[in-house]
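These notes are about the structure you will find just below.
Throughout, numbering of the chain's residues begins at 1 and tracks the sequence. Note that the structure is predicted; figures quoted are calculated from it, not measured. When a ligand or atom number is given, it counts from 1 through the structure's own listing order.
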Amino acid sequence: MKILVTGGAGFIGSNFVHHLVRETQDDVVVLDALTYAANRDSLLGLPESRVTFVEGDICDRRLVDDLVASSDAVVHFAAESHNDNSLAEPDRFVTTNVLGTFTLLEAVRRHGTRFHHVSTDEVYGDLALDDPERFSESTPYNPSSPYSATKASSDLLVRAWTRSFDLDATISNCSNNYGPFQHVEKFIPRQITNILVGDRPVLYGDGRNVRDWIHAEDHSSAVLAVLRRGRRGETYLIGADGEASNLEVLRKILVIMGRDASDFDLVRDRPGHDRRYAIDSTKIREELGWRPAHVDFDEGLAATISWYRENGQWWQPLKAATEARYRDQQA
Ligand code: NAD
Ligand code: TDX
């Protein structure tokens, strides 16, 4: 198969491309606009005979049509992905996440191409800390931020196109990912790299917000399972039972890095900050037999910290601009 991977130079997309090359015989074409969030170095070391890189925008109809016409399947990761940026500058979230997905849908409709849409659990809004429920495939959509509203919009487009035009499409909604190649704007890499450059970690609000962590490698194996064996038109939630408060995660990072567990600052909360996400992944486990491999979060976190320690050349060029953006947003 020849698989078109949009957003393949980003965090999860690049992890997925490495996964495909390791676990399958498929050829891969990466389409990525190389925004601030991309890093070509995340794709270093992949065989040129199997992985082709195309720099371009998913909103470019002609380019997207040409690439889809010559592919057997599309796995769509490309997005503006960061909530804090969506509060400061929502425009490109609407353009990329909504119009970009629309552009891809029209192309796969024309060519009858298999389409997998990668989405987030944030489309469901948030849960109270003491709510016994978790998100499932039947939870109503209730997005809170411009980012999650545009992802929810893109999911609804995929659902409508699938029903109206009988597309061969699937959707997955995953919880918070961590692992190598994640941009230093995101929570876990931001705190690790703050400590590495001698800045104090920063926790929003009271730090009690809960995220449900999954290693990016497990997200990749789940997306591949849905691409291969998912039922046409179905949605699958992906999660690894990794609920932890931001405070708990930060304390683990500080302890693993040999710092005092109270060595951080509480800062102004994110507006509209979702309280808790939690995924019930029964459907993908029972229907497709998928299981996460990285079930020990402390071990995954320690390996991720080692990766950032050892790959300073990958993240150091991004750090100052990222923190400057945060200073502007906090001002
Ligand atoms: P990321 O920001 O690290 O990467 C996004 C990639 O998309 C970048 O390489 C960027 O250059 C590319 N891109 C952006 N706009 C583009 C455009 N107009 N045309 C072509 N390429 C464009 O994001 P990520 O964290 O890897 O997330 C990937 C996908 O997974 C997103 O759809 C996101 O909503 C979803 N997701 C992320 C998480 C998470 O925890 N990070 C969890 C669940 C779902
Ligand atoms: O410096 C920080 N301090 C802090 O306390 C940052 C950057 C974040 N936080 C908090 C906010 C969240 O409660 O940490 C939590 C995680 O924040 P992010 O890494 O920004 O992730 P989140 O907003 O939860 O969204 C992520 O998971 C779902 C991804 O960015 C999305 O793309 C994905 O859809």
**Prompt:** When the ring planes of W161 and F165 are compared, do they come out parallel, tilted or perpendicular, using 30° and 60° as the limits?
**Reply:** perpendicular
**Item:** Closest protein heavy atom to atom 23 (O) of ligand 1, given as residue, atom name and distance to 0.1 Å
**Value:** S81 OG, 3.2 Å
**Prompt:** If we only count N/O pairs under 3.5 Å, is C59 in contact with ligand 1?
**Reply:** no
**Asked** Which residue holds the protein heavy atom closest to atom 15 (N) of ligand 1, what is that atom called, and what is the gap in Å?
**Response** T96 CG2, 3.5 Å
**Asked** Heavy-atom contacts under 4.0 Å between R92 and ligand 1: side chain, backbone, both, or neither?
**Response** neither
**Request:** Flag yes if more than 12 heavy atoms outside Q316 fall under 6.0 Å of its CD atom; otherwise flag no.
**Result:** yes
**Request:** Report all protein residues having a heavy-atom distance below 4.0 Å to some atom of ligand 2; order the list by chain, then number.
**Result:** S81, H82, N83, T120, E122, Y147, N176, E185, K186, F187, R190, Q191, V202, L203, Y204, N209, R211, N246, R270, H273, Y277, Y326
**Prompt:** Would A9 count as a contact of ligand 1 if the rule is a heavy atom under 4.0 Å away?
**Reply:** yes
**Request:** List the steps, then state whether ring pair (Phe, Tyr, Trp, His ring centres under 6.0 Å) holds for Y204 with F187.
**Result:** CA-CA 10 Å; Y204 294 166; F187 178 60; 8.0 Å; no
**Message:** Less than 4.0 Å is my threshold; does some heavy atom of G56 fall inside it relative to ligand 1?
**Reply:** yes
**Fill in**
Exactly one candidate in R276, R275, R270 meets side-chain hydrogen bond (donor to acceptor under 3.5 Å, both in side chains) with N209; the answer is R275
**Message:** Could you tell me, atom by atom, which parts of ligand 1 come under 4.0 Å of a heavy atom of V118?
**Reply:** 30 (O), 32 (O)
**Message:** If you measure every N or O of L31 against every N or O of ligand 1, does any of those distances drop under 3.5 Å?
**Reply:** no
**Complete:** Among S42, G8, G7, A79, the residue with a heavy atom nearest to atom 14 (C) of ligand 1 is A79
**Request:** Verify whether one side chain among E137 and N173 offers a donor that lies under 3.5 Å from an acceptor in the other.
**Result:** no
**Request:** Please list all pairs passing the salt bridge (Lys or Arg N to Asp or Glu O under 4.0 Å) test where one or both residues lie in residues 312-328, with sequence neighbours left out.
**Result:** E185-R325, R190-E323, K319-E323
**Message:** Run the side-chain contact (heavy atoms from CB on, under 4.5 Å) test on M257 and I192 for me, step by step, so that the C-alpha distance in whole Å, both residues' side-chain angles and the decisive distance to 0.1 Å come before the verdict.
**Reply:** CA-CA 8 Å; M257 297 183 76; I192 296 170; 4.1 Å; yes
**Asked** Relative to the ring of F16, is the ring of F77 parallel (under 30°), tilted (30 to 60°) or perpendicular (over 60°)?
**Response** tilted
**Complete:** ligand 1 atoms nearer than 4.0 angstrom to some heavy atom of L34 are 11 (O)
**Selection from N39, L104, I12, T120 by shortest heavy-atom distance to atom 37 (C) of ligand 1** = I12
**Request:** Of all the heavy-atom pairs spanning S281 and G239, show the shortest one and how long it is.
**Result:** OG-O, 3.3 Å
**Numbering as shown, the atoms of ligand 1 that approach C174 to under 4.0 Å (heavy-atom distance)** = 42 (C), 43 (C)
**Message:** Taking a cutoff of less than 4.0 Å between a non-hydrogen atom of the residue and any ligand atom, is A216 in contact with ligand 1?
**Reply:** no
**Request:** Look only at interatomic distance and state if E185 has a nitrogen or oxygen under 3.5 Å from any nitrogen or oxygen of ligand 1.
**Result:** no
**Asked** What protein heavy atom sits nearest atom 28 (C) of ligand 1, and how far off is it?
**Response** F77 O, 3.4 Å
**Asked** Which ligand 1 atoms does T35 reach within 4.0 Å, using its non-hydrogen atoms?
**Response** 10 (C), 11 (O), 14 (C), 15 (N)
**Message:** Looking at R163, I want to see if its CZ is surrounded by more than 12 non-hydrogen atoms of other residues, nucleotides or ligands under 6.0 Å.
**Reply:** no
**Prompt:** In terms of residue, atom name and distance, what is the protein heavy atom nearest to atom 44 (C) of ligand 1?
**Reply:** S119 O, 3.1 Å
**Prompt:** Would N39 and H183 satisfy side chain to side chain donor-acceptor pair (under 3.5 Å), going step by step from the backbone distance to the final call?
**Reply:** CA-CA 9 Å; N39 198 328; H183 195 282; over 6 Å; no
**Request:** Return a yes/no value for E80: is any of its N or O atoms, backbone included, closer than 3.5 angstrom to an N or O of ligand 1?
**Result:** no
**Message:** Can you tell me how the ring of F135 sits relative to the ring of Y277, calling it parallel under 30°, perpendicular over 60° and tilted otherwise?
**Reply:** tilted
**Message:** Checking T150 against N97: is there a side-chain donor and acceptor pair closer than 3.5 Å?
**Reply:** yes
**Item:** Test: E243 and R134 ion pair at under 4.0 Å
**Value:** no
**Asked** Measuring from the heavy atoms of Y147, does anything fall under 4.0 Å of ligand 1?
**Response** yes
**Asked** In terms of residue, atom name and distance, what is the protein heavy atom nearest to atom 3 (O) of ligand 1?
**Response** F11 N, 3.0 Å
**Message:** Which of the numbered atoms in ligand 1 are under 4.0 angstrom from any heavy atom belonging to A37?
**Reply:** 2 (O)
**Check: K186 N/O within less than 3.5 Å of ligand 1 N/O** = no
**Request:** Answer yes or no: is there an ion pair linking R109 with E106, defined by an N-O contact shorter than 4.0 Å?
**Result:** yes
**Item:** Candidates V108, V158, T101 - the one meeting side chain to side chain contact (heavy atoms under 4.5 Å, CB included) with H76
**Value:** T101
**Request:** Assess the side chains of E217 and H19: does a donor N or O sit below 3.5 Å from an acceptor N or O?
**Result:** yes
**Message:** Can you report which non-hydrogen protein atom sits closest to atom 21 (N) of ligand 1, along with the distance?
**Reply:** A33 N, 3.1 Å
**Complete:** Going by the 4.0 angstrom heavy-atom rule, the piece of T6 near ligand 1 is neither
**Asked** Is the closest heavy-atom distance from K151 to ligand 1 below 4.0 Å?
**Response** yes
**Asked** In ligand 1, which numbered atoms sit nearer than 4.0 Å to a non-hydrogen atom of N177?
**Response** 39 (C), 40 (O), 42 (C)
**Request:** Describe, in one word, how the ring planes of H18 and F181 are oriented to each other, choosing from parallel (under 30°), tilted (30 to 60°) and perpendicular (over 60°).
**Result:** parallel
**Message:** Starting from atom 19 (N) of ligand 1, what is the nearest protein heavy atom, named by residue and atom, and what distance separates them?
**Reply:** I58 N, 3.0 Å
**Item:** Donor on one side chain, acceptor on other, R114 and T170, under 3.5 Å
**Value:** yes
**Request:** Scan side-chain atoms only and decide if N83 and H273 contain a donor-acceptor pair under the 3.5 Å cut-off.
**Result:** no
**Asked** What protein heavy atom sits nearest atom 9 (O) of ligand 1, and how far away is it?
**Response** D32 OD2, 2.6 Å
**Prompt:** If we only count N/O pairs under 3.5 Å, is G10 in contact with ligand 1?
**Reply:** yes
**Asked** Between the side chains of S81 and K186, does any donor sit under 3.5 Å from an acceptor?
**Response** yes
**Item:** E48 CD: over 12 foreign heavy atoms closer than 6.0 Å
**Value:** no
**Prompt:** Is ligand 1 less than 4.0 angstrom away from at least one heavy atom of N176?
**Reply:** yes
**Asked** Just distances here: any N/O of H219 and N/O of ligand 1 closer than 3.5 Å?
**Response** no
**Prompt:** In ligand 1, which numbered atoms sit nearer than 4.0 Å to a non-hydrogen atom of A78?
**Reply:** 7 (O), 21 (N), 22 (C)
